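One structure is given here, and the rest of the page talks about it.
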Amino acid sequence: MELKKRRIILGVTGSIAIHKSVDLASQLVKHGASVHVVMTENATRLVQPLQFQVISRNPVMLNLFNAESDWKPAHIDLADQADLLVIAPATANVIGKMANGIADDVLSTVAISVHCPVLIAPAMEDHMYQNPFVQANMTRLRDHDVEFVEPVIGDLASGRQGIGRLNTVEVILERITRRLSRKIDLIDKKVVVTAGPTREYLDPVRYISNRSSGKMGYAVAEAAYRRGAEVVLISGPTAVPPPTGIDCRYVETAMEMHEAVLAVFDQADIVIMTAAVADYRPETVSSHKIKKKADQFTFPLVKNPDIALELGRRKSRQILVGFAAETDDILSHARQKLADKNLDLIVANNILEKGAGFEGDTNVVTLLNRDGSHEQLPLLSKREIAEIIFDRAATK
Ligand code: PMT
């Protein structure tokens with residue numbers, strides 16, 4: 001466990017799942033962490049602060065106006081020294097405040113004062129969790145590198161069944177460990193990532209494309225950058241803002257993506273191909289807008305180069321990771337692509353599954369290795385999946 005002597009702020013809010021937080025505090029202490037609990041007023045109505053104080057062996061912070069032991073306000077001191085802020089359970093209220101920079105109590109003030117990673121484990125009723133404003137707040141926080149331990153489906157405080165139950169202490173603990181052991185292991189490595197769709201033009205107005213938003217690929221590029229790599233992101237047209245610190249090269253067509261990837265391939269150490277490249281393009285591209293005439297209109301398509309296949313043939317020391325967007329026989333189709341394209345790892349997603357595939361901030365993937373083994377991951381944010389891909393790619 002990577003928790004020895006790590007300073008963890010455990011934020012606790014007024015949710016009925018608070019008993020798991022007591023257990024979490026206890027587990028963290030057992031694993032050697034220095035735990036500092038910050039409770040909202042509502043949390044203190046459900047559990048006595050003394051319980052957290054005894055378990056954590058540290059004073060519990062309940063408001064901003066405790067007698068200061070030093071010249072520095074205690075919440076700033078705590079925030080400055082923290083290795084991680086975990087909020088478990090987190091209500092919709094604290095999530096909303098954090099997403100909007102509101103600091104009107106001790107926990108929300110600590111949350112905007114920290115400069116360490118933040119992990120949030122929500123717990124709330126299903127309707128609250130699915131509320132579009134709550135989801136938008138979570139997306140906003142994810143965009144700023146806040147991680148979520150997604151709630152699970154189960155019995156809720158209302159007596160209903162649904163999504164919103166706080167995840168288990170084991171899962172939260174595992175995620176804390178993973179977050180704290182995030183590696184800077186790609187220093188001196190060059191990582192090339194393809195992302196987004198391609199557009200295959202028929203004329204200056206129309207094109208064939210697909211639903212890829214680029215989110216998966218951008219998350220991968222950002223993860224590589226965070227881990228210290230020099231990153232080239234070769235992106236089809238997307239609405240995702242260019243990530244800072246990354247060499248972004250924009251293309252439109254599969255042919256342009258092919259050329260851009262080959263231009264950097266020889267210097268690359270790891271290539272991750274998340275792009276949804278069109279397999280075919282119109283045989284001819286009209287230089288003028290095609291006019292409406294006959295009742296039916298057909299046009300021939302020709303095959304695009306398969307970039308991954310070509311890299312698989314050329315590769316020397318490079319680690320090649322492909323993606324497979326599938327709708328049926330996921331594992332066997334992905335396995336076939338892994339072999340045909342000579343990849344080191346393939347990340348398969350069932351694009352028909354809820355929370356998986358195109359456009360969203362989450363994905364559900366299976367990682368398939370060359371030795372025939374595979375690893376099914378639960379629903380995770382695309383950012384979290386990106387981290388796991390590098391954890392696995394690093395061992396290839
Ligand atoms: O962009 P998002 O909205 O976040 O969505 C993410 C995603 C669904 C696009 C992503 O998770 C994904 O599955 N990407 C691969 C999509 C795909 O087109 O897979 P494929 O099975 O057609 O291709 C297999 C692999 O070969 C892929 O790595 C692909 O980049 C590559 N390929 C495919 C065709 C081609 N001509 N050249 C290629 O390099």
Side-chain angles (χ1 to χ4, degrees), residues 139 142-143 192-200 208-223 233-240 243 251 253-262 265 268 270-281 301-315 318-368 377 379-386 388-389 393:
T139 300
R142 277 194 192 99
D143 287 344
V192 175
V193 182
T194 68
T198 62
R199 287 178 179 172
E200 308 303 328
I208 302 170
S209 191
N210 60 64
R211 288 173 47 206
S212 173
S213 64
K215 285 183 180 176
M216 189 68 244
Y218 280 59
V220 168
E222 283 169 347
L233 172 63
I234 298 167
S235 173
T238 78
V240 188
V251 297
T253 64
M255 297 296 274
E256 287 168 10
M257 187 170 277
H258 177 241
E259 196 183 321
V261 173
L262 288 187
F265 182 62
I270 303 176
V271 183
I272 315 239
M273 289 164 286
T274 73
V277 187
D279 289 322
Y280 294 92
R281 66 179 185 280
L301 295 169
V302 292
K303 233 180 185 173
N304 270 326
D306 189 319
I307 306 165
L309 187 96
E310 193 168 334
L311 300 189
R313 283 187 187 142
R314 284 181 183 222
K315 79 170 175 180
Q318 291 91 347
I319 295 167
L320 282 190
V321 179
F323 269 66
E326 305 293 344
T327 56
D328 52 86
D329 284 340
I330 318 291
L331 294 189
S332 61
H333 283 137
R335 208 163 271 135
Q336 193 64 50
K337 286 177 185 171
L338 177 79
D340 290 348
K341 302 189 188 207
N342 192 23
L343 304 171
D344 297 288
L345 179 72
I346 195 158
V347 183
N349 42 197
N350 178 352
I351 52 167
L352 301 182
E353 198 171 336
K354 196 163 186 279
F358 295 114
E359 294 155 348
D361 295 312
T362 59
N363 207 348
V364 184
V365 303
T366 306
L367 309 181
L368 292 96
L377 301 180
L379 178 92
L380 292 171
S381 70
K382 285 180 175 172
R383 281 170 176 274
E384 289 162 321
I385 290 171
I388 296 171
I389 291 170

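Computed from heavy atoms alone, side chains included, the values below leave out hydrogens, waters and symmetry copies. Worth saying up front: this structure is predicted, and the values here are computed from it rather than measured. Just follow the structure's listing: the first ligand is 1, and inside any ligand the first atom is 1.
- The backbone N or O of G355 sits less than 3.5 Å from a side-chain atom of T362, completing a donor-acceptor pair.
- Nearest protein neighbour of atom 20 (P) of ligand 1, counting heavy atoms only, is K337 NZ, 3.7 Å.
- No donor-acceptor pair closer than 3.5 Å links the side chain of N349 to the backbone N or O of V365.
- Using a 4.0 Å cutoff on heavy atoms, M257 does not count as a contact of ligand 1.
- Judged by distance alone, the side chain of T198 and the main-chain N or O of V277 form no donor-acceptor pair under 3.5 Å.
- With respect to atom 19 (O) of ligand 1, the closest heavy atom belonging to the protein is A325 N, 3.5 Å.
- The distance from ligand 1 to the heavy atoms of K382 drops below 4.0 Å at these ligand atoms: 2 (P), 3 (O), 4 (O), 5 (O).
- Listed by atom number, the atoms of ligand 1 under 4.0 Å from N363 heavy atoms are 11 (O).
- Put simply, no part of N304 is less than 4.0 Å from ligand 1, judged by heavy atoms.
- Judged by distance alone, the side chain of K337 and the main-chain N or O of A348 form no donor-acceptor pair under 3.5 Å.
- Remark: ligand 1 atoms within the under-4.0 Å shell around heavy atoms of A276 are 16 (C), 18 (O).
- In terms of protein heavy-atom proximity, atom 25 (C) of ligand 1 is closest to F323 O, 3.1 Å.
- Between R199 and E256 there is no salt bridge, since no side-chain nitrogen of the basic residue lies less than 4.0 Å from a carboxylate oxygen of the acidic one.
- How far CD1 of I385 is from CG of N363: 4.5 Å, rounded to the nearest 0.5 Å.
- With a heavy-atom cut-off of 4.0 Å, K215 touches ligand 1 through backbone and side chain alike.
- Between the side chain of D329 and the main chain of S332, no donor-acceptor pair closer than 3.5 Å is present.
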message = Could you walk me through whether S235 and Y218 satisfy the side-chain hydrogen bond (donor to acceptor under 3.5 Å, both in side chains) test, starting with their C-alpha distance in whole Å, then the side-chain angles of each, then the deciding distance to 0.1 Å, before giving a yes or no?
response = CA-CA 9 Å; S235 173; Y218 280 59; 2.8 Å; yes

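- Nearest protein heavy-atom contact of atom 14 (N) of ligand 1 is T274 O, 2.8 Å.
- Judged by distance alone, the side chain of H333 and the main-chain N or O of D328 form a donor-acceptor pair under 3.5 Å.
- For atom 29 (C) of ligand 1, the closest non-hydrogen atom on the protein side is A275 O, 3.4 Å.
- Listed for the K382 side chain is a donor-acceptor partner under 3.5 Å among the backbone atoms of G357.
- The residue from I385, V271, D306 that puts a heavy atom closest to atom 38 (C) of ligand 1 is D306.
- Interface of G214 with ligand 1, defined as ligand atoms under 4.0 Å from a residue heavy atom, comprises 1 (O), 2 (P), 3 (O).
- Proximity of D279 to ligand 1, defined as any heavy-atom pair under 4.0 Å, is confined to the side chain (atoms from C-beta onward).
- Residue H258 places every heavy atom at 4.0 Å or more from ligand 1.
- For atom 28 (O) of ligand 1, the nearest non-hydrogen atom of the protein is M273 O, 2.7 Å.
- Less than 4.0 angstrom separates some heavy atom of A308 from each of these atoms of ligand 1: 26 (O), 31 (C), 38 (C), 39 (O).
- For atom 33 (C) of ligand 1, the nearest protein heavy atom (residue, atom name, distance) is K341 NZ, 3.7 Å.
- Shown in contact with E359 at under 4.0 Å from a heavy atom are these atoms of ligand 1, numbered in order with element: 2 (P), 3 (O).
- Under the side-chain hydrogen bond (donor to acceptor under 3.5 Å, both in side chains) rule, D361 has a single partner from R383, R142, K215, which is K215.
- In this structure, A254 and N304 approach most closely via the heavy-atom pair CB-ND2, 3.3 Å.
- Interatomic distance, D344 CG to L338 CG, rounded to the nearest 0.5 Å: 8.0 Å.
- Here A254 has no heavy atoms under 4.0 Å from ligand 1, in either its backbone or its side chain.
- Not a single heavy atom of G196 sits under 4.0 Å from any atom of ligand 1.
- Under a cut-off of 6.0 angstrom, the local environment of CD in E353 is crowded, with over 12 non-hydrogen atoms contributed by other residues, nucleotides or ligands.
- Nearest protein neighbour of atom 35 (C) of ligand 1, counting heavy atoms only, is V277 CB, 3.5 Å.
- Residue contact annotation: A324 has a non-hydrogen atom under 4.0 Å from ligand 1.
- Contact analysis leaves A219 out of contact with ligand 1, as no non-hydrogen atom separation drops below 4.0 angstrom.
- Of the heavy atoms in L309, none comes closer than 4.0 Å to ligand 1.
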